[in-house]
Amino acid sequence: MDKPVLIMVVGPTGVGKTALSIEIAEYFGTAVISADSRQIYREMRIGTAVPSPEELERVPHYFIGKLSVKEYYNSWEYERDALAVAERIFRNRPYAVLCGGSMMYVDAVCRGMDEAPDISPGLREEVCREYADYGLEHMLAILKELDPVFYAEVDRNNPKRVLHAVEICRAAGRPCSDLRKKEKKKRDFDMLRIGLDMPRPELYDSIDKRVDDMMARGLEEEARRLYPFRAFNALNTVGYKEWFDYFEGKIEKEEVVRLIKRNSRRYAKKQLTWFRKDKDITWFHPDMREEIFSYLRCPKVWNLYGAGD
RNA sequence: GGGGAGAUACCAAAGCGGCCAACUGGGGCAGACUGUAACUCUGCUGACUUAUGUCUUCGUAGGUUCGAAUCCUGCUCUCCCCA
């Protein structure tokens with residue numbers, strides 16, 4: 001019962017996770033660990049809605065602007081790094097706040113990623129080329145041979161998943177299904193999961209407004225600066241990739257804005273789908289500050305009577 | 001006032017006698033997803049309901065036909081051209 005507590009604030013993009021997480025961190029006198037796979041890149045600020053300088057002043061933040069878009073990073077590394085940071089915070093504080101909408105990063109902390117080999121750029125390229133030259137059917141045949149178990153369960157329409165499985169099998173020298181364990185990893189802290197959600201029209205409206213705000217603050221310029229790096233995975237991101245088509249004269253500027261809004265809405269939906277599966281999350285409307293804080297002070301009572309939905 | 005074109009599901013837009021509950025796109029909804037994940041992939045989108053089921057739809061009211069979104073007539077509305 002004396003374990004430290006990781007307070008997690010999750011939810012779709014644009015609900016207001018940042019503001020809440022800072023309030024919570026201030027209240028408990030602790031720091032915010034960002035679980036956002038794009039705010040981690042320092043060149044992407046406007047389009048990823050990083051906390052403002054004032055907000056960053058209020059409370060220590062981790063994983064904001066830590067990397068360059070040219071650096072490779074993944075959820076496995078995030079798990080390792082985030083746990084290390086949490087441990088450091090817990091050395092002299094009983095609480096920490098984890099805030100983010102990157103499903104897989106949150107999962108990495110909650111459940112943990114299984115061991116897997118590193119994929120060298122060379123191998124990745126090789127597999128990509130095979131796919132380009134011979135097609136998905138060919139890659140499926142390879143996977144079937146390397147790992148019949150995984151072959152049976154992959155989404156065979158999904159090239160990315162298939163290719164990645166092939167990569168892992170080759171790099172590991174054994175079936176990738178061998179590497180997957182079904183249990184969650186043990187963590188030496190408790191977790192309190194707060195989900196933020198609001199009625200869909202309200203959420204979509206908030207997203208639209210935020211995109212307009214990004215436009216006003218110079219998103220186009222930011223994207224233009226990053227255009228040379230478009231091939232890096234970091235730039236395969238809503239709010240940036242749409243611009244690249246515009247820079248190449250493929251679409252109009254109005255269309256860019258429309259697409260960013262739409263893709264943000266879709267992203268928000270995917271996040272909700274993902275987080276809904278986690279039955280340990282207690283959901284709140286972001287305006288329910290009193291309820292949220294009383295839940296944080298006394299989570300057991302809330303769990304007893306059921307909070308949120 | 002005269003002539004012409006058109007009215008299709010949330011929007012746009014195909015269909016022009018049966019294979020149509022109706023192509024396609026947009027928008028939306030739902031879901032999958034353990035090392036690229038703001039990625040990548042899937043399903044649904046008339047209702048009831050989930051089945052190779054029933055019912056109600058293609059401006060509206062009638063008609064022709066075994067059978068109509070598709071043909072004919074009246075009406076309503078929209079658009080374009082000439083006055």
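Nothing here was measured: the structure is a model prediction, and the numbers come from that model. Lettering of chains follows the sequences in order, A, B, ..., and the numbering in each one begins at 1.
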Taking atom [atom2] of [N] as reference, at what distance in whole Å does atom [atom1] of [X] sit?
X: Met113(A); N: C33(B); atom1: CE; atom2: C1'; result: 11 Å
X: Leu83(A); N: G35(B); atom1: CG; atom2: P; result: 17 Å
X: Phe275(A); N: A32(B); atom1: CZ; atom2: P; result: 14 Å
X: Asn74(A); N: G35(B); atom1: CG; atom2: C1'; result: 4 Å
X: Trp274(A); N: A32(B); atom1: CH2; atom2: P; result: 10 Å
X: Asn263(A); N: G28(B); atom1: CG; atom2: C1'; result: 14 Å
X: Asp107(A); N: C39(B); atom1: CG; atom2: P; result: 16 Å
X: Tyr78(A); N: A38(B); atom1: OH; atom2: P; result: 12 Å

Check whether any side-chain N or O of [X] sits under 4.0 Å from OP1 or OP2 of [N], and answer yes or no.
X: Lys261(A); N: G27(B); result: no
X: Lys241(A); N: C39(B); result: yes
X: Ser75(A); N: G35(B); result: no
X: Lys277(A); N: C33(B); result: yes
X: Arg266(A); N: G27(B); result: yes
X: Thr13(A); N: A38(B); result: no
X: Lys269(A); N: A30(B); result: yes
X: Arg200(A); N: G28(B); result: no
X: Tyr204(A); N: C29(B); result: yes
X: Tyr240(A); N: A38(B); result: no
X: Arg156(A); N: C41(B); result: no
X: His164(A); N: U40(B); result: no

Partner nucleotide, any strand, of G6(B) [Watson-Crick/G-U, under 3.5 Å]: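 Partner of G6(B): C77(B).
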Any strand: nucleotide that pairs with C71(B) via Watson-Crick or wobble, under 3.5 Å: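 Matched C71(B) with G63(B) under the 3.5 Å cut-off.
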Aromatic ring proximity Tyr246(A)/Trp243(A), centre distance under 6.0 Å: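 Yes - the distance between ring centres of Tyr246(A) and Trp243(A) falls below the 6.0 Å cut-off.
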Side chain of [X] - closest among [options]:
X: Asn233(A); options: U40(B), A37(B), A38(B); value: A37(B)
X: Thr273(A); options: G28(B), A32(B), U42(B); value: A32(B)
X: Met104(A); options: G28(B), U40(B), U34(B); value: U34(B)
X: Thr237(A); options: C41(B), U36(B), A38(B); value: A38(B)
X: Arg262(A); options: G28(B), C41(B), A38(B); value: G28(B)

Closest-nucleotide 5' rank along RNA chain B - winner of Arg180(A) and Tyr267(A):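 So the residue in question is Arg180(A).
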Given RNA chain B, 5'-ward residue of the pair Glu115(A) and Arg276(A), judged by closest heavy atom: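 This one resolves to Arg276(A).
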Ignoring hydrogens and geometry beyond distance, is a side-chain donor-acceptor pair present between [X] and [Y] at under 3.5 Å?
X: Arg262(A); Y: Tyr267(A); answer: no
X: Thr282(A); Y: Tyr295(A); answer: yes
X: Asn233(A); Y: Tyr73(A); answer: no

With rounding to whole Å, what would you report as the distance between [N] and [M] at their [atom1] atoms?
N: G3(B); M: U70(B); atom1: P; value: 25 Å
N: U8(B); M: A14(B); atom1: P; value: 11 Å
N: G35(B); M: G43(B); atom1: P; value: 23 Å
N: C39(B); M: C23(B); atom1: P; value: 29 Å

Donor-acceptor contact present, side-chain Asp245(A) to main-chain Ile251(A), <3.5 Å: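 Side chain of Asp245(A) to backbone of Ile251(A), a donor-acceptor pair under 3.5 Å: no, none is there.
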Any donor-acceptor pair under 3.5 Å from Asp147(A) side chain to Ser177(A) backbone: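 Yes; judged by distance alone, with no hydrogens or angles, the pair exists.
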Please state whether the base of [N] and the side chain of [X] form at least one donor-acceptor pair under 3.5 Å?
X: Asp36(A); N: A38(B); value: yes
X: Asp114(A); N: U34(B); value: yes
X: Asp118(A); N: G35(B); value: yes
X: Arg161(A); N: C39(B); value: yes

Test: Arg230(A) cationic atom under 6.0 Å from Tyr227(A) six-membered ring centre, within 45° of axis: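 Yes, cation above the ring, under 6.0 Å and within 45°.
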Sugar-phosphate only, base, or nothing, as touched by Gly239(A) at under 4.0 Å among non-hydrogen atoms: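 The answer is nothing, as Gly239(A) stays clear of every strand by at least 4.0 Å.
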Ala108(A) versus Arg187(A), closest heavy-atom pair with distance: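 Of all heavy-atom pairs spanning Ala108(A) and Arg187(A), the closest is O-NH1, 3.2 Å.
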